[in-house]
Amino acid sequence: EPDLVNTNSIDYLKNCIESNWVSSGGEWVKKFEKYLCEYTGAKYAIAVCNGTVALRLSLYLVGVRNGDEVLVTPSSFVATANAISHLGASPHFIDIEPETLTISSAKLNNRLETIAIKREGFLFNKRTNKRIAALLPVHVFGIPGNLAPLKEISKKWNLPIIEDSAEALGSWYKYESNLIHCGLIGDIGILSFNGNKIITTGGGGALLTNNKFYADQARHLSTTAKTPHP
Ligand SMILES: *Cc1c(COP(=O)(O)O)cnc(C)c1O
């Protein structure tokens, strides 16, 4: 449970109300995103209304569309698979490894060798004829998944990685001899600030990425996607 007693929460809320800024914009959201970047080392953090929306938006940004398949762990909170379904795509479950509780790279590799085929620059499942559009590992209970071998597989098969780091704020792993915050090895990572997470905003989520294109698009699409016109 969150512990809000003896924090600055009341002062901050009072400041929001007195300044009349209680919208999705404003100084507090910008500050929150800035602190997320400073703490995690991400180049960009984009706050959204919850972790599920962050997942769905991330999957969309790397190209997941209606009718696609997404390779995902069966051992997670249901929101992970829901976000895939919200796009009209199907979860394609790959078994986990006991050490990290995340997708087993050995099992993923076997599975792809058995069912995947490259066609016109895309990856397809020979059995379902559906496009395999992304890989979605989860850092379960904040335990960093073993991302290095998954990254190798993603390069080999040209599969974007979305990291569900909803439970992993403050979790780091060693990658190419650097300590990297969970969510920043794949293309986009997501966080949740629901009431049961590491820190909470009541309800909330964020995308973390080092990719400027994804960051700009995430900001555009999460704020009504307005374009300039005469
Ligand atoms: C909480 C959680 C989510 C969803 O976050 P919400 O902010 O509740 O939408 C997604 N994935 C995992 C692993 C979670 O624990």
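Counting starts at 1 for both ligands and their atoms, following the listed order.
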Item checked: Residue pairs involving residues 204-225 (criterion salt bridge (Lys or Arg N to Asp or Glu O under 4.0 Å); sequence neighbours excluded) -> Glu33-Arg219, Lys212-Asp216
Item checked: Leu159 versus Ala133, closest heavy-atom pair with distance -> CD2-C, 3.9 Å
Note to self: We want to know whether Ser75 and Thr73 form a side-chain donor-acceptor pair, criterion being a heavy-atom distance below 3.5 angstrom.
What the structure shows: no
Next item on the list: Compile the protein residues with any heavy atom at a distance under 4.0 Å from an atom of ligand 1; present them by chain, then by number.
Entry: Asn50, Gly51, Thr52, Ser76, Phe77, Ala79, Thr80, Val138, Asp164, Ala166, Glu167, Ser192, Asn194, Lys197, Gly204
Next item on the list: List for me each residue that meets side-chain contact (heavy atoms from CB on, under 4.5 Å) alongside Thr200, sequence neighbours excluded, and say none if there are none.
Entry: Pro2
Notebook entry, point to check: Checking Asp164 side chain against Ala166 main chain: does a donor-acceptor pair fall under 3.5 Å?
Noted result: yes
Next item on the list: Under the side-chain contact (heavy atoms from CB on, under 4.5 Å) rule, collect the residues that match up with Asn15, sequence neighbours excluded.
Entry: Ser19, Trp28
